[in-house]
Amino acid sequence: MEARVQSNPQTPQGTWLRAIVGAGAVALLLTAPASLAQQPASDDAAQQAFNNSCRTCHSVKEGDNRLGPNLNKIVGRKAGSLPNYNYSASMKEAGFVWDKDKLIRFMVKPDEVVSGNKMQPYGGVSAEEAAKVIAYLEAMGSQ
């Protein structure tokens, strides 16, 4: 015959069980907001990377070309293709579509991707910062 132990909430075993479950629930509640708060921080870091590296010359607003072309929906766009921006001849003739990898490489070493581009004196950001910028551009282009 098998003996069964039933937990009664009024017994010391029941009290321990409720305390353990309660502590687990409190721990879950305390850690969940912290993990959710990390997402906006990464969004903030991506925007900060754009602001630090690109905002002086570029905008994310469609049609708002400045010293550099607007970067609205740049991922998937043919290089040198915006109609109202005066690209360098080399950028107009680049013959490729911007993808994440090419954009990161361009931000790190522009002349290695498109020799003779107008961004030559700029660039030199780290690949990590460039990836943050791309994340920001993608988020802004999808709005």
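Just so it is clear, the model here is predicted, and its values are computed rather than measured.
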Name all pairs fulfilling the salt bridge (Lys or Arg N to Asp or Glu O under 4.0 Å) condition that reach into residues 95-104, sequence neighbours left out, sorted by first residue then second. Lys100-Glu138, Asp101-Arg105
Any pair counted as salt bridge (Lys or Arg N to Asp or Glu O under 4.0 Å), so long as it reaches residues 127-136, sequence neighbours left out: Glu128-Lys132, Glu129-Lys132
Could you tell me if the side chain of [Y] sits less than 4.5 Å from the side chain of [X], heavy atoms only?
{"X": "Lys118", "Y": "Asn86", "result": "yes"}
{"X": "Ile74", "Y": "Leu103", "result": "yes"}
{"X": "Val125", "Y": "Val133", "result": "no"}
{"X": "Met119", "Y": "Phe106", "result": "yes"}

Can you list everything that forms a side chain to side chain donor-acceptor pair (under 3.5 Å) with [X]? Sequence neighbours excluded, please.
{"X": "Ser81", "result": "none"}
{"X": "Arg77", "result": "none"}
{"X": "Asn72", "result": "none"}
{"X": "Ser88", "result": "Ser90"}

Quick note, ring pair (Phe, Tyr, Trp, His ring centres under 6.0 Å) partners involving residues 51-84, not counting sequence neighbours, are none
Applying ring pair (Phe, Tyr, Trp, His ring centres under 6.0 Å) as the test, list every pair that has at least one member in residues 68-91; sequence neighbours left out. Tyr85-Tyr87
Exam field: side chain Asn84 to backbone Gly63, donor-acceptor pair closer than 3.5 Å: no
To check you understand the geometry: which heavy-atom pair defines the closest contact between Pro69 and Leu82, and what is its length? CB-CD1, 3.8 Å
For Arg55, which residues count as a salt bridge (charged side-chain N to carboxylate O under 4.0 Å, His left out) partner, sequence neighbours excluded? none
Apply the test side chain to side chain contact (heavy atoms under 4.5 Å, CB included) to residues Ile134 and Met107: give CA-CA distance (whole Å), side-chain angles for both, the deciding distance (0.1 Å), then the verdict. CA-CA 10 Å; Ile134 306 268; Met107 284 187 267; 3.3 Å; yes
Result block: side-chain N/O donor-acceptor pairs under 3.5 angstrom for residues 46-53, not counting sequence neighbours:
{"from": "Gln48", "atom 1": "NE2", "to": "Asn52", "atom 2": "OD1", "distance (Å)": "2.9"}
{"from": "Asn52", "atom 1": "ND2", "to": "Gln48", "atom 2": "O", "distance (Å)": "3.4"}
{"from": "Ser53", "atom 1": "OG", "to": "Ala49", "atom 2": "O", "distance (Å)": "3.3"}

For Ala94, enumerate each residue passing the side chain to side chain contact (heavy atoms under 4.5 Å, CB included) test, keeping only those at least two apart in sequence or located in another chain. Ala79, Phe96, Val114
How long is the span from the NZ atom in Lys78 to the CE atom in Met91, to the nearest 0.5 Å? 12.0 Å
Atom CG of Leu71 and atom CE of Met140: how far apart are they, to the nearest 0.5 Å? 11.5 Å
Is it true that the side chains of Asp64 and Asn70 contain a donor and an acceptor less than 3.5 Å apart? no
